[in-house]
A.B. asks: 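Here it is, the structure in full.
Index from 1, following the sequence. For clarity, every value in this text was computed on a predicted model and none was experimentally measured. Scope of the values below: all heavy atoms of this structure, side chains included, with no hydrogens, waters or symmetry mates.
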Amino acid sequence: MVELKTATELAVMREAGRVVARALAAVRESADIGVSLAELDAVAAQVMADAGAKPSFLGYHPNWAPTPYPGVICTSVNDAIVHGIPGRYRLRDGDLVSIDCGAAIDSWHGDAAVSFVVGAEDPADLALIAATDQALAAGIAAAQPGAKMGDISAAIATIGRAAGYGVTEDHGGHGIGRAMHEDPPVPNDGRPGRGLRLRPGLVLALEPMFTRGGRDDYRHADDGWTVHTTDGTRASHSEHTVAITEAGPVVLTLP
């Protein structure tokens with residue numbers, strides 16, 4: 001069921017979104033060569049605790065996952081696309097890191113992700129990240145009242161396909177609100193003018209995921225969570241929580 005949010009509910013989601021933005025900024029600031037992914041997870045946890053927010057990801061257990069998610073953030077490095085578990089791995093020079101973060105205030109959620117390079121930057125990685133960010137911006141611009149879901153999906157995919165990147169199949173955005181994942185799904189590829197009509201009060205998490213090798217397929221790691229490229233090439237992930245309003249799209253996960 002698709003739920004439309006009231007102005008009061010959107011205001012609470014905006015506060016949750018600000019916490020997510022602060023947590024992502026703190027994690028990015030702390031990410032350096034030699035820092036472990038578990039240490040980055042602790043940074044995000046502290047930001048949420050200080051804000052009186054609850055982590056959306058910790059303990060989340062969808063029916064396809066073998067175990068509840070054990071982290072506060074998802075930390076996906078290099079060929080990991082999404083859902084990487086924060087553990088003992090220590091960042092190395094040149095790593096491409098994607099951080100996904102969700103937080104809730106009064107049971108209303110915000111969700112966003114960012115990708116960046118630690119240390120020496122490979123221009124090809126920077127181009128991949130830039131295209132993913134550009135696709136997110138295009139998806140947000142397409143999230144207009146009266147438009148269709150396919151307009152968002154097509155806007156995202158057009159950027160990735162034009163650059164020769166893979167658009168990870170079976171993965172995309174989602175509705176968000178009282179639950180971290182709600183209807184409707186938001187595919188990262190589609191046809192304009194098709195699908196659900198966008199109405200004011202609808203809130204969506206838009207999240208393009210592109211891969212350098214140009215393949216759309218993926219594989220799961222033994223942990224049952226981490227999604228990897230099948231060819232070992234690097235991936236990038238970018239996300240914002242966006243409200244559809246009468247005046248146009250409003251990003252809820254900005255500082």
A.B. asks: Same cluster or not: are W64 and L58 linked, directly or through other Ile, Leu, Val, Met, Phe, Trp or Tyr residues, by side-chain heavy atoms under 4.5 angstrom apart?
C.D. replies: no
A.B. asks: Answer yes or no: is there a donor N or O on one side and an acceptor on the other, between the side chain of S153 and the main chain of P187, under 3.5 Å?
C.D. replies: yes
A.B. asks: Kindly write out the residues that satisfy ring-ring contact (aromatic ring centres under 6.0 Å, His included) with Y60, not counting sequence neighbours, or none if the list is empty.
C.D. replies: H181
A.B. asks: Name all pairs fulfilling the side chain to side chain donor-acceptor pair (under 3.5 Å) condition that reach into residues 240-249, sequence neighbours left out, sorted by first residue then second.
C.D. replies: H240-T253
A.B. asks: Would you indicate whether the side-chain heavy atoms of V77 and Y89 approach each other to under 4.5 Å?
C.D. replies: yes
A.B. asks: How would you list, by chain and number, every residue that makes a side chain to side chain donor-acceptor pair (under 3.5 Å) with T211, sequence neighbours excluded?
C.D. replies: none
A.B. asks: Could you walk me through whether D79 and T233 pass the side chain to side chain contact (heavy atoms under 4.5 Å, CB included) check?
C.D. replies: CA-CA 5 Å; D79 69 323; T233 58; over 6 Å; no
A.B. asks: List the residues meeting salt bridge (Lys or Arg N to Asp or Glu O under 4.0 Å) with D217, not counting sequence neighbours, and say none if there are none.
C.D. replies: R215
A.B. asks: Using every non-hydrogen atom in the two residues, find where V19 and A53 come nearest and quote the distance to one decimal.
C.D. replies: CG1-CB, 3.9 Å
A.B. asks: Determine whether H109 and S56 satisfy the following criterion, side-chain hydrogen bond (donor to acceptor under 3.5 Å, both in side chains), listing intermediate values before the conclusion.
C.D. replies: CA-CA 7 Å; H109 295 260; S56 301; 2.7 Å; yes
A.B. asks: Do M209 and V82 have side chains that get closer than 4.5 Å, going by heavy atoms?
C.D. replies: yes
A.B. asks: What is the minimum heavy-atom distance between I85 and T226, and which atoms define it?
C.D. replies: N-OG1, 3.8 Å
A.B. asks: Please examine the side chains of L206 and I140, heavy atoms only from C-beta on, and report whether any two atoms are closer than 4.5 Å.
C.D. replies: yes
A.B. asks: When clusters are formed by joining ILVMFWY residues with side-chain heavy atoms under 4.5 Å apart, either directly or through shared neighbours, do I176 and I244 land in the same one?
C.D. replies: no
A.B. asks: Just so I know, are the side chains of V250 and V242 near enough to count as touching, which here means a heavy-atom distance under 4.5 Å?
C.D. replies: no
A.B. asks: Do E3 and E182 come close enough that some side-chain heavy atom pair is under 4.5 Å?
C.D. replies: yes
A.B. asks: Heavy-atom distance under 4.5 Å between the side chains of S30 and V35, does that happen here?
C.D. replies: no
A.B. asks: So which heavy atom on P66 is nearest to which on D223, and how close?
C.D. replies: CG-O, 3.6 Å
A.B. asks: Shortest non-hydrogen contact from P255 to A21?
C.D. replies: N-CB, 3.6 Å
A.B. asks: Going only through I, L, V, M, F, W and Y residues with side-chain contacts under 4.5 Å, is there a path from F116 to L40?
C.D. replies: yes
A.B. asks: Would you confirm whether W225, through its side chain, and T67, through its main-chain N or O, come within 3.5 Å as a donor-acceptor pair?
C.D. replies: yes
A.B. asks: Evaluate the side chain to side chain contact (heavy atoms under 4.5 Å, CB included) criterion for residues F210 and V167: first the C-alpha distance (whole Å), next the side-chain angles of each, then the deciding distance (0.1 Å), finally the verdict.
C.D. replies: CA-CA 5 Å; F210 294 163; V167 180; 3.9 Å; yes
A.B. asks: Is there side-chain contact between M48 and V72, with at least one heavy-atom pair below 4.5 Å?
C.D. replies: yes
A.B. asks: Sequence neighbours left out, what pairs pass side chain to side chain donor-acceptor pair (under 3.5 Å) with at least one residue falling in residues 198-210?
C.D. replies: H174-E207, E207-H237
A.B. asks: When you measure from the side chain of H61 to the backbone of A65, do you find a donor-acceptor pair of N or O atoms at a distance under 3.5 Å?
C.D. replies: yes
A.B. asks: Using the ring-ring contact (aromatic ring centres under 6.0 Å, His included) criterion, which residues pair with Y218? Sequence neighbours excluded.
C.D. replies: H171, H220
A.B. asks: Starting at CG of D183, measure out to CE of M1 and round the result to the nearest 0.5 Å.
C.D. replies: 9.0 Å
A.B. asks: Distance-only, no hydrogens or angles: does the D216 side chain make a donor-acceptor pair with backbone N or O of G166 under 3.5 Å?
C.D. replies: no
A.B. asks: Is there a path of hydrophobic side-chain contacts, each under 4.5 Å between heavy atoms of I/L/V/M/F/W/Y residues, joining L136 to L204?
C.D. replies: yes
A.B. asks: Side chain to side chain donor-acceptor pair (under 3.5 Å): which pairs involve residues 116-136, sequence neighbours left out?
C.D. replies: D125-R212, D125-R234, T132-S236, D133-S238
A.B. asks: Is D151 reaching over with its side chain to a backbone N or O of A142, donor-acceptor style, under 3.5 angstrom?
C.D. replies: no
A.B. asks: With rounding to the nearest 0.5 Å, note down the distance linking OG in S107 to CE in M180.
C.D. replies: 13.0 Å
A.B. asks: Tell me every residue that passes side-chain contact (heavy atoms from CB on, under 4.5 Å) with R14, counting only those two or more places apart in sequence or in another chain.
C.D. replies: R18, L252, L254
A.B. asks: When you look at I81 and V227, which way does the side chain to side chain contact (heavy atoms under 4.5 Å, CB included) test go after all the steps?
C.D. replies: CA-CA 5 Å; I81 306 170; V227 176; 3.9 Å; yes
A.B. asks: Examine the side chains of S76 and S98 and answer whether a donor and an acceptor come within less than 3.5 Å of each other.
C.D. replies: no
A.B. asks: Should we count CZ of R219 as having more than 12 external heavy atoms under 6.0 Å?
C.D. replies: yes
A.B. asks: Closest approach of P68 and G59, non-hydrogen atoms and distance?
C.D. replies: CB-O, 3.7 Å
A.B. asks: Which residues pass the side-chain contact (heavy atoms from CB on, under 4.5 Å) test with D189, sequence neighbours left out?
C.D. replies: A157, R161
A.B. asks: Would you indicate whether the side-chain heavy atoms of T229 and T168 approach each other to under 4.5 Å?
C.D. replies: no
A.B. asks: Looking at CG of N78 and CG of L96, how far apart are the two atoms once the value is rounded to the nearest 0.5 Å?
C.D. replies: 6.5 Å
A.B. asks: Flag yes if more than 12 heavy atoms outside D170 fall under 6.0 Å of its CG atom; otherwise flag no.
C.D. replies: yes
A.B. asks: Tell me the salt bridge (Lys or Arg N to Asp or Glu O under 4.0 Å) pairs involving residues 84-105, sequence neighbours left out?
C.D. replies: E39-R90
A.B. asks: D50: what forms a side-chain contact (heavy atoms from CB on, under 4.5 Å) with it, not counting sequence neighbours?
C.D. replies: Q46
A.B. asks: With side chain to side chain contact (heavy atoms under 4.5 Å, CB included) as the criterion, how do D41 and T75 come out once you've worked through the C-alpha distance, each side chain's angles and the decisive distance to 0.1 Å?
C.D. replies: CA-CA 8 Å; D41 195 64; T75 54; 5.8 Å; no
A.B. asks: Are more than 12 heavy atoms from other residues, nucleotides or ligands located less than 6.0 Å from atom NZ of K54?
C.D. replies: no
A.B. asks: If I take atom CD from residue E15 and atom CE from residue M13, how far apart are they, to the nearest 0.5 angstrom?
C.D. replies: 12.0 Å
A.B. asks: Using every non-hydrogen atom in the two residues, find where R191 and A154 come nearest and quote the distance to one decimal.
C.D. replies: C-CB, 4.3 Å
A.B. asks: Quick one: side-chain contact (heavy atoms from CB on, under 4.5 Å) partners of E9, sequence neighbours excluded?
C.D. replies: K5, T6, W108, R178
A.B. asks: Transitively linked via ILVMFWY side-chain contacts under 4.5 Å: L24 with L37?
C.D. replies: yes
